[in-house]
Amino acid sequence: MKKIPLIILTGPTAVGKTALSIELAKKLNAEIISADSMQIYEYMDIGSAKVTNEEMDGVVHHLIDEVKPDYAFSVSEFQKRANKYIKEIADKGKSVLVTGGTGLYLNSLIYNMDFAKSNGNSKLREQLEKELEENGIDYMHEKLKSLDADAASRIHKNNTKRVIRALEVCLSGNKMQDFSNDLKYNEEYLPIIIVLNRDRKVLYDRINKRVDIMMENGLIEEVKKLLNMGYDKDLISMQGIGYKEIVKYLEGEYTLDEAVEIIKRDSRRYAKRQITWFKRYENSKWFDLDKYDDKEILKKEILDYIENISKNV
């Protein structure tokens with residue numbers, strides 16, 4: 001069976017994925033599938049730094065504004081919908097460009113993760129997935145260790161899917177099964193993984209500036225609107241960085257300055273965890289954006305890399 005080339009453009013938050021992905025999509029005759037756990041939600045635009053229609057510039061995007069903020073969206077749901085879009089795009093003879101920084105979403109496409117075999121608590125799993133994204137795998141593995149030390153000893157912390165599944169089983173009050181199997185690559189796709197990065201100080205400065213822009217663009221008003229629409233503060237979507245802090249500001253728990261600083265701090269920590277996550281991807285190609293004064297050279301090098309890998313299909 002001929003594999004579908006799956007071009008993945010990823011990197012930490014605020015590194016510069018959006019603009020570059022659109023330029024590459026035009027060159028590649030590609031449609032974009034978003035792998036961002038916040039941009040899937042309607043009405044959550046500013047806090048998620050969602051790509052705008054103007055920025056899309058005619059490039060078709062999928063899994064943007066896909067569901068309402070109260071929809072129980074999980075990694076398995078992302079995998080199901082993304083697989084459908086991938087096949088539809090490929091059937092049209094176009095390239096598939098996946099862009100975003102949610103590692104669990106990327107893993108669900110890169111690896112053979114069969115969620116259909118595990119009947120579980122989707123609501124709980126969704127909460128655990130968000131907790132993982134917010135706190136990192138070390139935190140989640142320690143959480144598993146506190147609940148079931150034997151399971152934690154058998155499951156490597158890098159095997160995030162099985163850590164999450166094991167936590168789901170434990171917290172549901174069920175008995176543990178064997179979660180020792182390693183992840184295997186998805187045989188349907190040829191992943192071409194491109195990771196964008198920057199000097200840590202430059203990246204952190206960009207994150208801080210992005211948060212300031214979010215505030216200027218009306219993040220407080222966006223959160224107020226969501227609450228007024230009836231979306232509860234305890235929803236998984238409302239636990240995203242930027243949203244939960246503004247809720248606490250509105251409730252008087254934080255001053256505005258405290259809320260902004262916590263958003264910046266937690267966004268920087270999230271970026272650091274993302275970089276650690278992406279380093280686990282074997283055969284990925286990293287591009288340090290600070291080394292490219294000429295964006296055309298950067299694009300040419302990325303396109304050349306994609307072409308060379310694609311020849312192996």
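Residue numbers run from 1 in the order of the sequence given.
- One finds no salt bridge joining Asp91 and Lys87 here, because no Lys/Arg side-chain nitrogen approaches an Asp/Glu carboxylate oxygen to under 4.0 Å.
- Within a 6.0 Å sphere centred on NZ of Lys209, other residues, nucleotides and ligands contribute 12 heavy atoms or fewer.
- The closest side-chain donor-acceptor pair between Asn135 and Arg273, if any, does not fall under 3.5 angstrom.
- Using modelled atom types and a 3.5 Å distance limit, the side chains of Glu133 and Ser37 yield a donor-acceptor pair.
- Residue pairs meeting the salt bridge (Lys or Arg N to Asp or Glu O under 4.0 Å) criterion with at least one member in residues 219-247, sequence neighbours excluded, are Glu134-Lys244, Lys233-Glu251.
- Under the 3.5 Å distance criterion, with hydrogens and angles disregarded, a donor-acceptor pair is assigned to the side chains of Asn107 and Tyr281.
- The local environment of NZ in Lys94 is crowded, with over 12 non-hydrogen atoms from other residues, nucleotides or ligands closer than 6.0 Å.
- A search for ring-ring contact (aromatic ring centres under 6.0 Å, His included) contacts involving Phe78 returns Tyr105, not counting sequence neighbours.
- Pairs of residues two or more places apart, or lying in two chains, that qualify as salt bridge (Lys or Arg N to Asp or Glu O under 4.0 Å) and include a residue from residues 37-49 are Glu42-Lys68, Asp45-Lys50.
- Ion pairing between Glu88 and Lys92 fails under the 4.0 Å rule for side-chain N and carboxylate O.
- When the salt bridge (Lys or Arg N to Asp or Glu O under 4.0 Å) test is applied to Lys26, the partners found at least two apart in sequence or on another chain are Asp57.
- Salt bridge annotation for Lys80-Glu77: absent, with no cationic side-chain nitrogen under 4.0 angstrom from a carboxylate oxygen.
- Taking Tyr43 as the reference, nothing meets the ring-ring contact (aromatic ring centres under 6.0 Å, His included) condition, with sequence neighbours excluded.
- For Gln274, the side chain to side chain contact (heavy atoms under 4.5 Å, CB included) criterion is met by Pro12, Thr13, Tyr270, Ala271, Phe278, not counting sequence neighbours.
- Between Asp36 and Met38, the shortest heavy-atom contact is OD1-N, 2.8 Å.
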